[in-house]
2 protein chains.
Amino acid sequence: MTSNEDRKRAEEEDRRGRIVEAADRLYYSRGFSSVSMDELRDEAGVSLRRLYKLFPSKDDIIIATLRKRRRVWAEGIAEYVDAVRSPRDKLLAVYDFLAGWFCEDDFRGCGFVNAFAELGAVNTDVADLVREHKAHFQRDLARLVEELGAEPSLAAQLAILAEGAQTTAAVTGDPGAAGHARAAAATLIDAALDVDARQAA
Amino acid sequence: MTSNEDRKRAEEEDRRGRIVEAADRLYYSRGFSSVSMDELRDEAGVSLRRLYKLFPSKDDIIIATLRKRRRVWAEGIAEYVDAVRSPRDKLLAVYDFLAGWFCEDDFRGCGFVNAFAELGAVNTDVADLVREHKAHFQRDLARLVEELGAEPSLAAQLAILAEGAQTTAAVTGDPGAAGHARAAAATLIDAALDVDARQAA
DNA sequence: GTAGATCGAGAACGATCGTTCTCGGATCAG
DNA sequence: CTGATCCGAGAACGATCGTTCTCGATCTAC
């Protein structure tokens with residue numbers, strides 16, 4: 001009996017996952033308000049009834065897609081950052097991750113920034129989630145910058161580069177923005193270390 | 001008779017301007033799809049009938065607001081860039097302009113990026129206009145970088161900084177992003193000039 | 001002054017949206 | 001097998017949207 005309930009729970013979780021994936025595909029590629037629930041139902045291959053049983057409202061699905069996207073971002077970044085040793089390489093790995101992402105054919109900028117632009121002013125939950133995500137990213141950079149032994153403002157500069165690369169790549173369609181951001185980051189890192197060394201002397 | 005027609009033409013242009021200003025206020029602060037034509041009518045203080053006589057559709061108003069915003073951006077940038085002499089100062093003036101903008105209480109990021117995020121995938125005219133605007137900005141930077149005598153890739157890096165500063169300031173609400181971007185820009189400019197000087201030697 | 005154009009206010013229209021409800025069939029427990 | 005429960009397909013609902021139309025008032029030209 002319990003195993004039966006477990007199976008149901010797993011099935012439900014599986015379907016939730018498929019719905020969120022379908023929703024993210026549609027929302028990310030076309031925006032939130034231009035995708036109807038009917039369209040999401042078709043893409044996810046579930047009935048409207050089940051859709052609303054698993055997610056009480058469209059806003060809940062939107063939040064779920066952003067949460068999923070947050071996990072995917074964290075894993076993607078970690079894959080690149082954990083692959084190298086030095087704090088400097090780890091910081092630069094961020095832009096290597098971006099370079100790979102920008103080359104995907106469905107790339108359309110930062111999903112969080114897009115969500116913030118479209119819904120941030122009218123949906124507090126979305127705005128908060130986006131703010132949290134960006135703050136988390138900046139904290140990650142700040143930690144690496146601290147390990148590197150550079151001033152904290154370097155982290156803010158590197159975050160701005162990553163942010164600008166995403167927007168630039170999205171609008172111009174040129175994945176090369178990642179390379180430019182990486183080169184700029186390397187210059188800034190080295191300059192920050194030079195300054196620190198000079199101040200120590 | 002002709003003067004009468006001129007007066008009418010001027011009145012019409014005046015009203016078009018007020019409508020675009022009202023629309024830009026609403027669209028920029030809350031997004032495009034969440035502002036109805038009824039709301040715009042109230043904000044602009046005109047009748048729905050006149051609204052549709054002056055602009056055949058909501059999409060036309062959206063495009064008009066973006067065109068207006070493009071002019072305002074160009075004038076704002078020029079005000080800062082033209083005030084200083086050297087190419088280096090002119091490049092840095094861009095971030096001073098951003099710093100002032102970020103401090104306005106209604107600042108909510110780059111209106112073009114927001115438009116691209118919300119409508120770019122479903123409205124070709126919007127996407128094209130945003131792309132054009134960003135390309136124009138990058139050309140302006142490239143011209144200054146050339147005057148400076150640095151490699152062209154510096155312009156791409158500076159554009160990414162400006163882009164990232166806007167997004168970061170919008171999401172975090174911290175106007176300090178402009179200062180960080182400016183400091184990074186100064187470092188990148190000086191590094192580029194050092195490299196060029198070293199290569200020339 | 002008056003016919004005709006023009007206008008504002010807002011009702012009306014048709015489409016679309018998010019959400020709920022209906023109903024006939026499948027599923028499951030006992 | 002049987003009664004109850006759950007489900008999918010899609011109709012239905014109420015709200016909202018972009019857009020057009022109505023109608024009575026106002027203005028204009030002569």
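Keep in mind that the numbers below use all heavy atoms, side chains included, and drop hydrogens, waters and symmetry copies. These numbers come from a predicted model, not from an experiment. Throughout, a chain's letter reflects where its sequence line sits, starting with A, and its residues are numbered from 1.
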Identify, with sequence neighbours excluded, every residue that meets salt bridge (charged side-chain N to carboxylate O under 4.0 Å, His left out) alongside E39(A).
R30(A)
I'd like to check the side-chain contact (heavy atoms from CB on, under 4.5 Å) partners of D59(B); sequence neighbours left out, ordered by chain and number.
S57(B), I62(B), N123(B)
Applying ring-ring contact (aromatic ring centres under 6.0 Å, His included), name anything that partners Y27(A), two or more places apart in sequence or on another chain.
F32(A)
Produce a footprint string for nucleotides 15-20 of chain C: one letter per nucleotide, 5' end first; B if the base is under 4.0 Å from any protein heavy atom, S if only the sugar-phosphate is, - if neither.
--SSBB
Please tell me if K53(A) has a side-chain N or O lying less than 4.0 Å from either OP1 or OP2 of dC6(D).
no
Only counting residues at least two apart or in another chain, list the ones meeting side-chain contact (heavy atoms from CB on, under 4.5 Å) with A178(B).
L98(B), A99(B), F102(B)
Please enumerate all residues that pass salt bridge (charged side-chain N to carboxylate O under 4.0 Å, His left out) together with D174(A), with sequence neighbours excluded.
none
Suppose the criterion is side chain to side chain donor-acceptor pair (under 3.5 Å): which pairs have a residue in residues 83-94 of chain A, not counting sequence neighbours?
S86(A)-D89(A), R88(A)-D190(A)
Residues within residues 118-130 of chain A bordering DNA chain D, heavy-atom distance below 4.0 Å
none
Check the surroundings of atom CD in E147(B): do more than 12 heavy atoms from other residues, nucleotides or ligands lie under 6.0 Å from it?
yes
Which pairs, with at least one residue in residues 62-82 of chain B and sequence neighbours excluded, count as a side chain to side chain donor-acceptor pair (under 3.5 Å)?
D24(B)-R69(B)
Sorted by chain and number, sequence neighbours left out, side-chain contact (heavy atoms from CB on, under 4.5 Å) with R15(B) holds for E11(B), R18(B), V46(B), R50(B), L54(B)
Note: contacts of residues 18-26 of chain B with DNA chain C (heavy atom, under 4.0 Å) are none
My understanding is that only residues two or more places apart in sequence, or in another chain, count here; which of them pass side-chain contact (heavy atoms from CB on, under 4.5 Å) with A121(A)?
R108(B)
Starting at atom CZ of R50(B), determine the distance to atom P of dC27(D), rounded to an integer number of angstrom.
13 Å
